[in-house]
2 protein chains.
Amino acid sequence: MTQQRGEETQARILRAAAECFMREGYDATGVAEICTRAGVSKGAFYHHFPTKQAAFLVLFERWLQGLEASLQVIHTSGRTAPQRLEGLAAMAEQVLEQANGQAPMFVEFWRQATKNPDMWQATIEPYRRFRTAFAALINEGVAEQTLRPVDPNLAAQVLVALGVGLILQGVLDPGGAEWRGAAGQAIRLLLDGLAADDNG
Amino acid sequence: MTQQRGEETQARILRAAAECFMREGYDATGVAEICTRAGVSKGAFYHHFPTKQAAFLVLFERWLQGLEASLQVIHTSGRTAPQRLEGLAAMAEQVLEQANGQAPMFVEFWRQATKNPDMWQATIEPYRRFRTAFAALINEGVAEQTLRPVDPNLAAQVLVALGVGLILQGVLDPGGAEWRGAAGQAIRLLLDGLAADDNG
DNA sequence: ATAATCAAACCGACCGGTCGGTCTGATTGT
DNA sequence: ACAATCAGACCGACCGGTCGGTTTGATTAT
């Protein structure tokens, strides 16, 4: 099939682009480098993407979709809020584990979001959705009295910050400390602080 | 004084460079742009710095020195470990507040550290010193039985991740939420989780 | 069956413009 | 006078993006 070949080429380009962006960053990687790594000509690249930034944005949106998918799981992972947050901790291990390879891209996304308005809007909206979802979850726990009476928005902010910070530690120091499983434990440690006293 | 004029020029260049790097990132800012913003010629720039990267590295090292100075304060801010960590929370507010302006540079430093070996070594060493210092602090608290018997290294990792994550949230969403004072509260929230039950 | 046709995929030479860095001659303070 | 300092023209390399032309493979007409 003709179409199939095109899709494969596009996939190769995206894969190569991701590798380059991770290694060198967005600005420092040339389209030519991406093409070489993809085994494809420059013309092919611009046949599939109108611009270098367009390719980057596709990668970004796919990454966001992956996160969104993970977010869905939280709401179905337990009866009480602490149980669901526990599920979140387990999920975090997976997400961080999987993010390990793509993590430099994460920093690149973050940086681009702070200077490209389009990218910023694309980032901030799911980011706030995350925080809101966490806050709702925590709020339930407070209502159930299974969590301490904390400010849900604040606690959610702390959770997100913790996740972001752990990812960045993984980026900077991949081999340093056993941070892989530690991520889940870290969240559980935080949850101990959140939990009402009569919880384990 | 001739020398003094030169130092002032150098300072203006560094200030301009920092602004540009924050706005556009390292790769995207040209030396010419830095010079224009500094009100200085290209010749002046290359009189003071052999290379664009050299200027960036000076900024980086100064930033690290600032962090190191902050770190010193922790050891003299209270008698018991919880008190000192409380002092840390207060300090964090200041640091994050002050980092608010320089925060995009933080992301830039992080990114460069992941691809430039020299920069990585310059980063990872003080980073680990931070974690070790936190861990020691927490360990004291555990020995005093003023903190729960947690893994000090893990808890320190969480603290650092939290700080890093909060900075990044500030970068991405400067106006979103009242994250300024929230940073200190967040750390206190975490400390509530760390504290032994007989502490306030 | 096979020649003709077509649209999409692909190639790589090429363009205007920008980059980091150099160089020369003028200006400054002493 | 003279050493330190600066301005900005200038250089080769390289960038993102364009374009005319070629290849590919499915479809149609005969």
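Below, read A as the first sequence line, B as the second, and so on, with proteins coming before strands; counting in each chain starts at 1.
- OP1 or OP2 of C:dA9 has not a single side-chain nitrogen or oxygen of A:T9 nearer than 4.0 Å.
- Side-chain contact between A:L168 and A:F106: present, with at least one pair of heavy atoms (C-beta onward) separated by less than 4.5 Å.
- Counting only residues at least two apart or in different chains, side-chain hydrogen bond (donor to acceptor under 3.5 Å, both in side chains) contacts with residues 23-40 of chain B comprise B:E19-B:R37, B:R23-B:E33, B:D27-B:R111.
- Among residues two or more places apart in sequence or in another chain, the side chain to side chain donor-acceptor pair (under 3.5 Å) test is passed with A:Q65 by none.
- With sequence neighbours excluded, the residues satisfying side-chain contact (heavy atoms from CB on, under 4.5 Å) with A:H48 are A:T9, A:Q10, A:I13.
- A sub-4.0 Å separation between OP1 or OP2 of C:dG20 and a side-chain N or O of B:T51 is absent.
- In this view, A:E68 and A:R129 satisfy the side chain to side chain donor-acceptor pair (under 3.5 Å) rule, not counting sequence neighbours.
- The distance from atom CD of B:Q53 to atom C1' of C:dG21 is 14 Å, rounded to the nearest whole Å.
- Against DNA chain D, the stretch residues 18-49 of chain A makes heavy-atom approaches under 4.0 Å through A:T29, A:G30, A:V31, A:K42, A:Y46.
- Shown here are the side-chain contact (heavy atoms from CB on, under 4.5 Å) partners of B:F130, two or more places apart in sequence or in another chain: B:L67, B:L71, B:F134.
- The CD atom of A:E7 sits 15 Å away from the P atom of C:dA8 (whole-angstrom rounding).
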